Peer 1: 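Take this structure first; my questions come after.
All figures in this text were calculated on a predicted structure; none of them were measured in a lab.
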Amino acid sequence: MTEERRVAPARRRGLADEVADRLREAIFAGAYPPGAQLREVELSGALDVSRGPVREALLRLEGEGLVRSAWHRGATVTALSTRDVAELDSLRGALEHLAVQQVVAGASDDDITAIEKAADRMARAEDEHDMVRRDIAFHDAVYAAAGHRRLEEAWQAIRSQVHLFLLTRIGRDTRDYLSHVADEHRELVGALRARDTDRALALFAAHRRHAFDVLSR
């Protein structure tokens with residue numbers, strides 16, 4: 001067998017990827033809240049594409065946990081159940097525990113500064129959806145600073161679902177989130193910069209618990 005026949009032909013980034021990006025951003029912007037239906041015909045018209053790329057994009061978003069499909073309802077934006085919330089919180093906690101330990105033990109001062117800049121940008125959020133994006137970007141910076149490739153890959157695997165988790169949280173209550181979350185993140189940075197593992201772990205756990213408590217009411 002020749003080398004050419006051992007692998008499938010390479011494909012360039014296709015239209016379905018672009019459609020998935022646009023739908024993902026629309027969900028994150030609040031245009032399609034949890035539970036909203038995503039009708040192929042309407043989306044293909046709005047995006048000016050055929051239904052094929054839309055169908056393929058919805059499958060990709062389903063793989064990320066952002067979309068759920070049922071034969072009698074079609075595709076909908078995932079509405080997190082009580083079990084979903086508990087599982088995401090526990091898994092995120094396990095990953096974040098290791099990330100914090102890695103950052104405290106091995107991140108450079110420049111890495112900590114990158115996390116700090118991400119926290120500072122949260123104070124300039126335009127609205128609650130922009131704040132969620134900046135919140136996720138802060139945690140991106142933490143995982144990047146951890147210097148642990150597989151850990152960062154594990155975070156990327158649940159990143160969209162955590163984004164949805166926070167969107168669901170602001171759907172319940174925005175006041176406490178908008179007024180306190182930026183300061184909370186600055187406090188997290190302070191503990192990381194001080195290389196205080198116990199304090200950092202306690203603060204990150206408290207930060208997660210605030211969101212979990214809102215969703216568990």
Peer 1: Can you confirm whether the side chains of S108 and D111 place a donor and an acceptor under 3.5 Å from each other?
Peer 2: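 D111 and S108 do have a side-chain donor-acceptor pair below 3.5 Å.
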Peer 1: Would E64 and R60 count as a salt bridge (charged side-chain N to carboxylate O under 4.0 Å, His left out) here? Give the steps.
Peer 2: CA-CA 7 Å; E64 295 178 18; R60 295 181 190 192; over 6 Å; no
Peer 1: Tell me, please, which residues at least two apart from R172 pass side chain to side chain contact (heavy atoms under 4.5 Å, CB included).
Peer 2: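 Per chain and number, R172 pairs via side chain to side chain contact (heavy atoms under 4.5 Å, CB included) with V214, L215.
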Peer 1: Give the C-alpha distance, both sets of side-chain angles, the deciding distance and a yes or no for side-chain contact (heavy atoms from CB on, under 4.5 Å) between V189 and H185.
Peer 2: CA-CA 6 Å; V189 174; H185 284 76; 5.6 Å; no
Peer 1: Test of understanding: with side chain to side chain contact (heavy atoms under 4.5 Å, CB included), list the residues that count as partners of P34, not counting sequence neighbours.
Peer 2: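 Applying side chain to side chain contact (heavy atoms under 4.5 Å, CB included) to P34 gives A79, L164, T168.
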Peer 1: Flag the pair R92 and D89 as a salt bridge only when some basic side-chain nitrogen lies within less than 4.0 angstrom of an acidic carboxylate oxygen.
Peer 2: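 Looking at R92 and D89, the cut-off is not met.
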Peer 1: Would you say that E152 contacts H148 through its side chain, given a criterion of any heavy-atom pair below 4.5 Å between the two side chains?
Peer 2: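 E152 does not reach H148 side chain to side chain.
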Peer 1: Test side chain to side chain donor-acceptor pair (under 3.5 Å) on E184 and H207 and set out the steps.
Peer 2: CA-CA 7 Å; E184 280 184 17; H207 173 63; 2.7 Å; yes
Peer 1: If a pair satisfies side-chain hydrogen bond (donor to acceptor under 3.5 Å, both in side chains) and one of its residues is in residues 40-51, list it, with sequence neighbours excluded.
Peer 2: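 Non-adjacent pairs meeting side-chain hydrogen bond (donor to acceptor under 3.5 Å, both in side chains): E40-R51, E40-R55.
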Peer 1: Can we say D21 and R24 salt-bridge, meaning some charged N sits less than 4.0 Å from an Asp/Glu carboxylate O?
Peer 2: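 Answer for the salt bridge query: yes.
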Peer 1: At what distance, to the nearest 0.5 angstrom, does CZ of R22 lie from CG of L43?
Peer 2: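 One finds 12.0 Å between CZ of R22 and CG of L43.
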Peer 1: Is R193 salt-bridged to E116, cutoff N-O under 4.0 Å?
Peer 2: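 Here R193 pairs with E116 in a salt bridge, since their nearest N and O are under 4.0 Å apart.
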Peer 1: Show the nearest heavy-atom pair for residues A137 and A118, with the distance to one decimal.
Peer 2: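 Heavy atoms only, the tightest pair is O-CB, 4.3 Å.
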Peer 1: Hey, is the main chain of V67 close enough, under 3.5 Å, to the side chain of T78 for a donor-acceptor pair?
Peer 2: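 It does hold such a pair.
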Peer 1: Decide whether L59 and L23 are clustered together by the hydrophobic rule: side chain heavy atoms of Ile, Leu, Val, Met, Phe, Trp, Tyr closer than 4.5 Å, transitively.
Peer 2: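 Each belongs to a different hydrophobic cluster.
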Peer 1: Kindly indicate whether the side chain of D120, heavy atoms from C-beta on, has any atom under 4.5 Å from the side chain of R186.
Peer 2: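 Yes; the side chains approach each other to less than 4.5 Å.
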Peer 1: Identify the residue among R159, R133, K117 that makes a salt bridge (charged side-chain N to carboxylate O under 4.0 Å, His left out) with D140.
Peer 2: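 Running salt bridge (charged side-chain N to carboxylate O under 4.0 Å, His left out) over R159, R133, K117 with D140 returns exactly one hit, R159.
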Peer 1: Evaluate the side-chain contact (heavy atoms from CB on, under 4.5 Å) criterion for residues L88 and V85: first the C-alpha distance (whole Å), next the side-chain angles of each, then the deciding distance (0.1 Å), finally the verdict.
Peer 2: CA-CA 5 Å; L88 274 172; V85 169; over 6 Å; no
Peer 1: Do V103 and V142 have side chains that approach each other closer than 4.5 Å (heavy atoms only, starting at C-beta)?
Peer 2: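 Sidechains of V142 and V103: in contact.
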Peer 1: Under the side chain to side chain contact (heavy atoms under 4.5 Å, CB included) rule, collect the residues that match up with R134, sequence neighbours excluded.
Peer 2: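 Side chain to side chain contact (heavy atoms under 4.5 Å, CB included) check on R134 returns R121, M122, R124, A125, D130.
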Peer 1: If we only count heavy atoms from C-beta on, is the T76 to L38 side-chain gap below 4.5 Å?
Peer 2: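 Side chain of T76 against side chain of L38, heavy atoms only: no contact under 4.5 Å found.
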Peer 1: CG of D135 to CZ of R169: how many Å apart, nearest 0.5 Å?
Peer 2: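 Spacing of CG (D135) from CZ (R169) equals 9.5 Å.
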Peer 1: Applying side-chain hydrogen bond (donor to acceptor under 3.5 Å, both in side chains), can you list everything that pairs with Q156, at least two apart in sequence or on another chain?
Peer 2: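 For Q156, no residue satisfies side-chain hydrogen bond (donor to acceptor under 3.5 Å, both in side chains) once neighbours in sequence are set aside.
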Peer 1: Do L95 and I158 come close enough that some side-chain heavy atom pair is under 4.5 Å?
Peer 2: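 Counting from C-beta outward, L95 and I158 do come under 4.5 Å.
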Peer 1: Counting neighbours of CD on E126 that are heavy atoms of other residues, nucleotides or ligands and sit closer than 6.0 Å, is the number greater than 12?
Peer 2: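 Count not over threshold, so no.
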Peer 1: Aromatic rings Y143 and W155: how do their planes relate, parallel, tilted or perpendicular, breaks at 30° and 60°?
Peer 2: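 Parallel: the ring planes of Y143 and W155 meet at under 30°.
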Peer 1: Please report the shortest heavy-atom distance between A107 and A145, naming the atom on each side.
Peer 2: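 It is CB-O, 3.7 Å.
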Peer 1: Out of curiosity, I27 CD1 to L61 CG, how far, rounded to the nearest 0.5 Å?
Peer 2: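 Reported value, rounded in 0.5 Å steps: 5.5 Å.
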Peer 1: Sort and list the pairs that fulfil ring pair (Phe, Tyr, Trp, His ring centres under 6.0 Å) and have at least one residue in residues 160-183, not counting sequence neighbours.
Peer 2: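 Sorted pair list: F28-H163.
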Peer 1: So, R199 side chain and L188 main chain: donor-acceptor pair closer than 3.5 Å or not?
Peer 2: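 Flag not set: sc R199 to bb L188 has no pair under 3.5 Å.
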Peer 1: Step by step, work out the side-chain contact (heavy atoms from CB on, under 4.5 Å) result for I170 and L166.
Peer 2: CA-CA 6 Å; I170 65 171; L166 293 178; 5.8 Å; no
Peer 1: Would I115 and L192 count as a side-chain contact (heavy atoms from CB on, under 4.5 Å) here? Give the steps.
Peer 2: CA-CA 9 Å; I115 298 172; L192 293 175; 4.1 Å; yes
Peer 1: Identify whether the distance between the nearest side-chain nitrogen and carboxylate oxygen of D84 and R68 falls below 4.0 Å.
Peer 2: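 Between R68 and D84 there is a salt bridge, with a charged N closer than 4.0 Å to a carboxylate O.
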Peer 1: Can you name the nearest heavy-atom pair linking S160 to L66, along with the distance?
Peer 2: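 Closest approach of S160 to L66: O-CD2, 3.5 Å.
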